[in-house]
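Note: hydrogens, waters and symmetry copies are ignored here, and every other heavy atom, side chains too, is used. Note that the structure is a prediction, hence the values are computed from the model and not measured. Labels below follow one simple rule: chain letters A, B, ... track the order of the sequence lines, proteins then strands, and each chain is numbered from 1.
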Amino acid sequence: MTAYDMLSEPIRKYIRDKKWESLRPIQEAAIQKIMTTDTHYVLISRTASGKTEAAFLPILSKVNFKEQGVKVLYISPLIALINDQFTRVEQLCAYLDVPVTKWHGEASKGQKDRLIKDPAGIMLITPESIEAMFVNKPYNVRHLFSNLEYVVIDEIHSFLGSDRGVHLQSLLNRLQKINHKKFSIVGLSATVSDANQYMELKDFLGTSENTRIIRDNTPKPINAVFKYFPGTVEELPLDLLKDLYVRTRESKVLIFPNARGRVEEVAVKLKQISDKVGGHKNYFAHHSSVDKEVREYVEFFAKNSTLQNFAISCTSTLELGIDIGNVDEVVQIDATHSIASLIQRVGRSGRREDKASNLFLYATNGWSLIQSLACWLLYKEQYIEPISVNKKPYDVLVHQILSIVKSRSGITLRQLLEEFAGNAAFKDIAATETEEIIEHLKEIDFLEKLGNEYIIGIEGEKLVNTKDFYSLFSTPTFFKVGSQGVKIGELPLSPQIRENENIYLSARTWKIIDVDYQTKKIEVIPAKDGKKPTFLGDGTDTAHQIRQKMLEVLVSKEEFDFLDTTGQEIVNMLRKEFSIFDINHPETDRPLLVSNEKLTFYSFTSSKINRTLSFIMNVLGVDHQLDKDILFEIEYSQSDFVSTMKNIDWEAMNLDKVMTDMAEDIPKMLDFSKWGIYLPLHYQAELLKSRYFDFEGCRDYLQRLRCIEN
DNA sequence: GACCTGCTGCGGTCTG
């Protein structure tokens, strides 16, 4: 039977009405599989290849919507994505007379109430909204979700390897627990490519036996051009901006400059150039600190401007699948931190099938150029960095203990432990550990014991009853920026924020005229010029494989035809610098430059291992400085350094004690974990050891390391 | 030099 014939008649009519000539490959395959089995699937194919329909066409054909309850639950990491998908799914469902309901913090209360009265059809929701329902209205969870047949998870890669992902995994397990039957899961992604990631995906959804990957590997031609313009951290070189302007003035373009301040700089300066030469005025900035309504306007403009060109300078806010229509070109300024990110960004251009993707990569310094090249080469090899999975997510466990206790009016220790026993998110945490953590939560009054049963304690109430409870991540305080009642965006408090200072925000220039510390508001008026705003970033870690590839680029002789002349010159210059080292095995060899009483150790490894190396050097009294996350400047004799690092007595270092002391003395270290601070100290130490540092990777790295001296 | 993500319930006011 053809895939088309397998679908139900209303869905076939939808396809005919849409005048689709054929089904896309991913749709063909998904229909065949989903219609005939109940296994979990992950559909992998590039952006705009019809993944959403690949999941929904068969699911809607198969599911019996006559039964009571929500039958299909669609989960998305972003509200904006839910709103986009709602329109598409609703169109489809019009053929079936099946209700579709949006359920997130900004969705209509009336629609939600209507669904409670008559639970049916499809629901689109965020993980945090599921959490909120579990905590506040556990009876609604049963009422709505005990008849679920399918769960669709969009942009599933964005959950892998993060606390938010573990949280979602726990929620899925809790949903399955209250469900009458076993529901099937379909994950969607454009950014998964190797076997390691397949395993993690399968683990995430269940087991490798009951999860299958369906993948469309059709390559998409990409025209990549690398350009090099030396610049400073303060400002982008004018030549780069001029070149960028000329290249993009007659197209629809997304520009990714990596940092919010720089996003503003690019938007403002391109607009200035355009103004001067009478070009179009559609230059925008899009990032998390631009006011939400302004951002929505920018998205709307992009989606609906078929004739007008535009340039949106943005951060990762436009990396995921929000529908912004067709983009001709993608520009990346300086290297991405990950290959995954590069894949998502490249995928945003040339969405139409017949069009190639156009990618421009600008580098403003040598190291960034080399990292950019490394990412690009790995991308072409279809390599992607491994996901670092949190095997023992003690902090998420704290959150879920509070959530479960709150959702019950009293629960015994045995019942509570049973809740976690079958929960795959915590399968590597022993029951005795969970018990110890519960006991600690009681000691700090987060839980209270009434007779045989646990309830939320006095301190716990303070957290559980705030809206901040539902998420696994925390956000810093921002000041709202406005001008005469018009919302513009928000900025963190920094020395730069004071009266009469000029700043960029939302692609315009402003003068600060008032800062109100009480109401956390900044009043501004339009100005002629300004400076890019400072944000206090928390950084992103770069993987070992990218750094190793950088070294490979430096020791190879390959000429890159996609690189401009100045770029190739810089590569040649750096290669010449490194030619004094006899590097034959980039997987083990690392350059060690020995000069008058100073060493330069080029570690070429992940941010986490660099952080760990730096920590170890501190413990061993090796005076050093880590520069650009690439090299260590060391005040130490060369023979001593090599033997010290090769012969570390890990036992004597007493890591557990050092980490516990660190957690106690510097609580700020745990800032990366919103719920970790409520754990007993030695568990906090475990989090530091496995999440902030990477001792396992570091030991392995040092064991293989061969320092190659000049 | 450094990204992003989400949010209840209740009481008040406004609108049809």
In this structure, how many angstroms lie between the [atom2] atom of [N] and the [atom1] atom of [X], rounded?
X      : N     : atom1 : atom2 : answer
A:E319 : B:dA2 : CD    : P     : 17 Å
A:H287 : B:dA2 : NE2   : P     : 12 Å
A:W367 : B:dA2 : CH2   : P     : 20 Å
A:K406 : B:dG9 : NZ    : P     : 10 Å
A:I79  : B:dC4 : CD1   : P     : 16 Å

Short side-chain N/O contact to [N] OP1/OP2 from [X], under 4.0 Å:
X      : N     : answer
A:R345 : B:dC3 : no
A:R260 : B:dC3 : yes
A:T315 : B:dC4 : yes
A:T126 : B:dC7 : yes

Heavy atoms from C-beta onward define the side chain here; which of [options] lies closest to that of [X]?
X      : options             : result
A:R164 : B:dG6, B:dT8, B:dC3 : B:dG6
A:S129 : B:dT5, B:dT8, B:dG1 : B:dT8
A:N136 : B:dG9, B:dC3, B:dT5 : B:dG9

Is it true that the side chains of A:S341 and A:E319 contain a donor and an acceptor less than 3.5 Å apart?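 Yes, a side-chain donor-acceptor pair sits under 3.5 Å.
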From CE (A:M123) to CD1 (A:I82), nearest 0.5 Å: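 With rounding to 0.5 Å, CE (A:M123) is 10.0 Å from CD1 (A:I82).
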If you measure from the ring centre of A:F469 to the centre of the six-membered ring in the base of B:dC7, is it under 5.5 Å, with the planes under 30° apart?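 Stacking between A:F469 and B:dC7: absent.
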With a 4.0 Å cut-off, would you call A:D323 and A:R88 a salt bridge?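 Judged by the 4.0 Å cut-off on N to carboxylate O distance, A:D323 and A:R88 do not form a salt bridge.
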Considering every strand and a 4.0 Å limit on heavy-atom distances, what is the contact class for [X]: base, sugar-phosphate, or nothing?
X      : value
A:K137 : sugar-phosphate
A:S471 : base
A:T540 : base
A:Y470 : sugar-phosphate
A:E234 : sugar-phosphate

Look at the rings of A:Y602 and A:W367 and say which category their plane angle falls in: under 30° parallel, 30 to 60° tilted, over 60° perpendicular.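 Rings of A:Y602 and A:W367: tilted, as their planes differ by 30° to 60°.
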Is the A:W675 ring parallel, tilted or perpendicular to the A:H399 ring (thresholds 30°, 60°)?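 Answer is tilted, since the angle falls between 30° and 60°.
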Quick one: does A:T475 reach the base of B:dG6 with a side-chain donor-acceptor pair under 3.5 Å?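 Per atom types, the contact qualifies.
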Is there a donor on the side chain of A:D334 or the base of B:dG1 sitting less than 3.5 Å from an acceptor on the other?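 When only heavy-atom distances are counted, A:D334 does not reach the base of B:dG1 through any donor-acceptor pair under 3.5 Å.
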Which sits closer to the 5' end of DNA chain B, A:D541 or A:K467, going by the nucleotide each is nearest to?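 The residue whose closest nucleotide sits nearer the 5' end is A:D541.
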Using heavy-atom distances to pick each residue's nearest nucleotide on DNA chain B, tell me which of A:L78 and A:D627 is more 5'.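 The 5'-side residue here is A:D627.
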Looking at A:F301 versus A:F284, is the centre-to-centre ring distance below 6.0 Å?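 Under 6.0 Å, so yes.
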